[in-house]
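Worth saying up front: this structure is predicted, and the values here are computed from it rather than measured. Just so you know, residue 1 is the first one in the sequence shown, and it goes up from there.
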Amino acid sequence: MNNKFPETWTDISIRSIMSQILVLKHKESKKLVIVGNTHLYWNPKYHIIALFHIHALCSKIQAVREVYQKQGEGVSVVICGGMNSQTTSLVHAYLTDGVVSQVSEEFLFSATICILYLLFCAAI
């Protein structure tokens, strides 16, 4: 473990992702809307956790959207909830631009730990 950020592993490992995804169909027009709702981790010291949470939600929404698109359906998406993010945050950049340009040593270390943790959880 990297002693520069010893609290990172503990902080990431106790955070669960709480999200809901709902597919709605308009009765008359039959148009579909996927609604994703979440409440992201609030601590700006560990903004990487919120970034991985929103990425996980967006990835799941995209998977659901692709199922309907393969059936020839047009699908709109709405993402809402408690983002606990400011316009300068990684979450805001990810949701508005689709990319994150802020990279620091702490970010890279936290990202590596998060990826390893997510892979571990997926393997269980």
*Asks:* Please check if any side-chain donor atom of Asp97 sits under 3.5 Å from a side-chain acceptor atom of His92, or the reverse.
*Replies:* no

*Asks:* Looking at residues at least two apart in the chain, or sitting in another chain, which of them share a side-chain contact (heavy atoms from CB on, under 4.5 Å) with Lys25?
*Replies:* Lys30, Leu32

*Asks:* To the nearest 0.5 angstrom, please state how far the CD1 atom of Ile21 sits from the OG atom of Ser19.
*Replies:* 7.0 Å

*Asks:* Applying side chain to side chain contact (heavy atoms under 4.5 Å, CB included) to Leu95 and Ile54, what does each step give before you reach the verdict?
*Replies:* CA-CA 8 Å; Leu95 289 174; Ile54 199 67; 3.7 Å; yes

*Asks:* Please lay out, stage by stage, how Val77 and Gln62 fare under the test side chain to side chain contact (heavy atoms under 4.5 Å, CB included).
*Replies:* CA-CA 9 Å; Val77 174; Gln62 183 60 28; over 6 Å; no

*Asks:* Hey, does the side chain of Ser29 reach the backbone of His26 with a donor-acceptor pair shorter than 3.5 angstrom?
*Replies:* no

*Asks:* Could you go through the side chain to side chain contact (heavy atoms under 4.5 Å, CB included) check for Ile34 and Ser76 one step at a time?
*Replies:* CA-CA 6 Å; Ile34 299 173; Ser76 299; over 6 Å; no

*Asks:* Leu57 pairs by side-chain contact (heavy atoms from CB on, under 4.5 Å) with which of Asn37, Thr38, Leu40?
*Replies:* Thr38

*Asks:* Is there a path from Leu22 to Val78 through hydrophobic residues (I, L, V, M, F, W, Y) whose side chains come within less than 4.5 Å of each other?
*Replies:* yes

*Asks:* Establish, from distance only, whether the side-chain atoms of Gln69 and Glu73 form a donor-acceptor pair under 3.5 Å.
*Replies:* no

*Asks:* Tell me if a side-chain donor or acceptor on Arg65 pairs with a main-chain N or O of Val75 at a distance below 3.5 Å.
*Replies:* yes

*Asks:* As an exercise, state the distance from CG of Asn84 to CD1 of Ile49, rounded to the nearest 0.5 Å.
*Replies:* 12.5 Å

*Asks:* Within the 3.5 Å criterion, strictly below it, is a donor on Tyr41 or His53 matched to an acceptor on the partner's side chain?
*Replies:* no

*Asks:* I need the minimum non-hydrogen distance between Ser85 and Val91, along with the two atoms involved.
*Replies:* OG-CB, 3.4 Å

*Asks:* Kindly check if the number of other-residue, nucleotide or ligand heavy atoms within 6.0 Å of CD (Gln20) is above 12?
*Replies:* yes

*Asks:* With the side chain counted from C-beta on, respond yes when Tyr94 and Cys58 share a heavy-atom pair under 4.5 Å apart, and no when they do not.
*Replies:* yes

